[in-house]
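Read the numbers this way: they start at 1 and go in the same order the structure lists the ligands and their atoms.
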Amino acid sequence: MKHAPTHAPPASLDALCFDNSYARLPFAFHTRLAPAPLPSPVLVCASAPAMRLIGIDPAEAARPQFVDAFAGNRMLPGSDPLAAVYSGHQFGSWSGQLGDGRAHLLGGVRTPAGTLELQLKGAGPTPYSRFSDGRAVLRSSIREFLCSEAMHALGVPTTRALCIVGSPLPVQRETVETAAVVTRIAPSFVRFGTFEHFSAADDCGRLLQLADYVIEHFRPWLRDEPQPHAALLADIARSTGEMIAHWQAIGFMHGVMNTDNMSILGLTLDYGPFGFMETFDAGHICNRSDTCGRYAFRSQPRIGLWNLYVLADALGPLIGHPDLTRELVDTHYAPAFDARFGQLMRARLGFATARPGDDDFIGATLGLLQLQRVDYTLFFRTLGELPGIRTREAHGCTGAPVRDQPLRDLFADREACDAWLVRWRARLARDGASDDVRRRAMRRANPRYVLRNWMADAAIRRARDGDFGEVDAVLRCLHAPFDDQPEFAHYAAPAPGRTSGMPVSCSS
Ligand code: AMP
Ligand code: MG
């Protein structure tokens, strides 16, 4: 009888052994270089689940060797650090060459989940830093670290984050801040812009080499397709569609959907001035520098398509006529988006099956939330706790059931809430599912906790004073966003004083 594979118990840091497959690509793809030393490094926070993911015992984070390794001060066995080159379109315009201006890819480690690459972000300048310093500040590092781990726990495809190491090293941004290094984890950090780089240089040889590298290492099953490169584009279109469907359903705004920030594996990548929807506003722009609202919440699905057309054009020489490649995107992106968005929204609403009229109901629900300025996360979580059938129970002086009151309280116009609930209950009745089952399912689909800006800000303020306890608390809370966690109840609340709509600076 075959036994299920057993996973090795978490090991010490010394067991981490890297192999950098990207370093084996020719020099045109990257520059090999060591991270710059980070003075007086201190551990700000480590993610225990991320450590386990790469097979390391979370207790290892307490060792000085751990801090040194992820400050970029000590090389780990087998690591072959490099900065990758890529190009890209930023805010709709061609920017030419960009590249890892402050990221060092150490290499991949083998895990039960496949090979995962580790990358230091903020570990000093590279040939692609242009006029910047190659550093990241503590503020943006905490935001990226917390959000990547939060998104993973919410079930959104994303890069992960292992740890943050801080330093007193001053870094000039709008004001003087201090430096930090975040270690990110992903199967690959290849971007749409990596393909654009070689396409723009009319370098078909390298374009082909990159596509074959991606297929061989991350999508090996596509090798057997009649047209592997077309299949790769279709796969990227599908996974990008699914990723953005998750964003729209959970209320996540990326803020800088430039093609150099788009992962070819459909992972949320490069967390900067992101935001989670608080008071629902489909037009919300979370990035203070996005003056035209190119990356507003409601535009994300359309921008995803625009970015995929850019990628399709870049891959064109490997696939065929540009119209054909764009057609491939059309065939795979919107259907993947629609299917996943519908599935996620039906789950958020507690619908067990898909029925005609659901799309209209979802649209009408979002319209109502917009009109009533309701907190997006609280709405669904609160809804999940209401009875799905009208029971014979106490009615308040307005005639509305007392048990609906928590949801009604989120609305300016409570009668609008009552009218919507009548439609919601009528729709639930068509499923005929048990109310208990429905309620449990809704608790798994509707987080109690998302990373509200005020939570990140509070953790950052304390961390700047040398107290990293709140970074740790927010991380622990967000690792189990669907659990009630009464000790973290304060994190479920909207921003004090309704500052939730404040856009975030993209300086990082
Ligand atoms: P982002 O907007 O963070 O995606 O960055 C766009 C480009 O600028 C990428 O090539 C980054 O590597 C580069 N970049 C951003 N900040 C810095 C920095 N402080 N030092 C060097 N390069 C940077
Ligand atoms: Mg970027």
Side-chain angles (χ1 to χ4, degrees), residues 22 29-31 33 35-36 38 72 81-105 117 119-145 147-148 158-159 161 164 166-167 169-184 186 188-197 200 243 253-265 267-275 285-291 294-295 303 307 310-311 503-508:
Y22 208 74
F29 287 81
H30 51 69
T31 303
L33 82 170
L38 185 74
L82 62 83
V85 69
Y86 51 81
S87 296
H89 281 77
Q90 299 182 312
F91 289 92
S93 305
W94 173 243
S95 297
Q97 180 181 307
L98 301 163
D100 289 331
R102 51 171 168 175
H104 290 69
L105 179 69
E117 294 184 340
Q119 189 193 57
L120 306 181
K121 180 168 175 181
T126 77
Y128 316 115
S129 301
R130 291 170 293 159
F131 302 106
S132 303
D133 54 14
R135 291 296 181 188
V137 296
L138 180 64
R139 167 178 51 82
S140 65
S141 303
I142 290 174
R143 284 173 53 83
E144 171 145 27
F145 172 79
C147 198
S148 350
T158 179
T159 60
I164 317 172
S167 162
L169 181 74
V171 175
Q172 180 69 51
R173 294 292 181 264
E174 280 141 358
T175 60
V176 176
E177 302 187 46
T178 59
V181 173
V182 186
T183 299
R184 309 196 288 191
S188 171
F189 293 91
V190 172
R191 300 138 191 273
F192 288 16
T194 321
F195 284 101
E196 289 177 78
H197 183 73
M243 171 187 77
M253 293 161 278
H254 184 284
V256 203
M257 288 177 70
N258 295 333
T259 57
D260 54 304
N261 290 337
M262 298 293 292
S263 147
I264 49 96
L265 301 181
L267 303 172
T268 313
L269 173 66
D270 275 10
Y271 291 89
F274 64 81
I285 304 160
C286 64
N287 178 354
R288 202 192 293 162
S289 311
D290 183 10
T291 42
R294 179 177 174 85
Y295 300 137
I303 293 294
N307 289 344
V310 167
L311 177 69
V504 176
S505 155
C506 70
S507 85
S508 57

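The cationic atom of Arg191 (NZ for Lys, CZ for Arg) lies less than 6.0 Å from the six-membered ring centre of Tyr86 and within 45° of the ring axis.
Within the 4.0 Å heavy-atom cutoff, Arg173 counts among the residues contacting ligand 1. Proximity of Gly272 to ligand 1 is not established, as no heavy-atom distance is less than 4.0 Å. The closest approach between Asp133 and ligand 1 falls below 4.0 Å for a heavy atom of the residue.
Listed by chain and number, the residues in a side-chain contact (heavy atoms from CB on, under 4.5 Å) with Ser132 amount to none (sequence neighbours excluded).
When heavy-atom distances to ligand 1 are checked against a 4.0 Å cut-off, Arg135 comes that close only through its backbone atoms N, CA, C and O.
Within the 3.5 Å criterion, the main-chain N or O of Tyr271 finds no donor-acceptor partner in the side chain of Arg143.
For the side-chain hydrogen bond (donor to acceptor under 3.5 Å, both in side chains) test with Tyr295, the passing option among Asn287, Asp290, Asn258 is Asn258; the others fail.
In this structure, atom 5 (O) of ligand 1 has its sub-4.0 angstrom surroundings free of protein heavy atoms.
In this comparison of Val171, Asn287, Asn261, the heavy atom closest to atom 2 (O) of ligand 1 sits on Asn261.
With 2.8 Å as the limit, Asp260 does not count as an N, O or S neighbour of the Mg ion (ligand 2).
The nearest protein atom to atom 12 (O) of ligand 1, hydrogens excluded, is given as Gly101 N, 2.8 Å; this is a heavy-atom distance.
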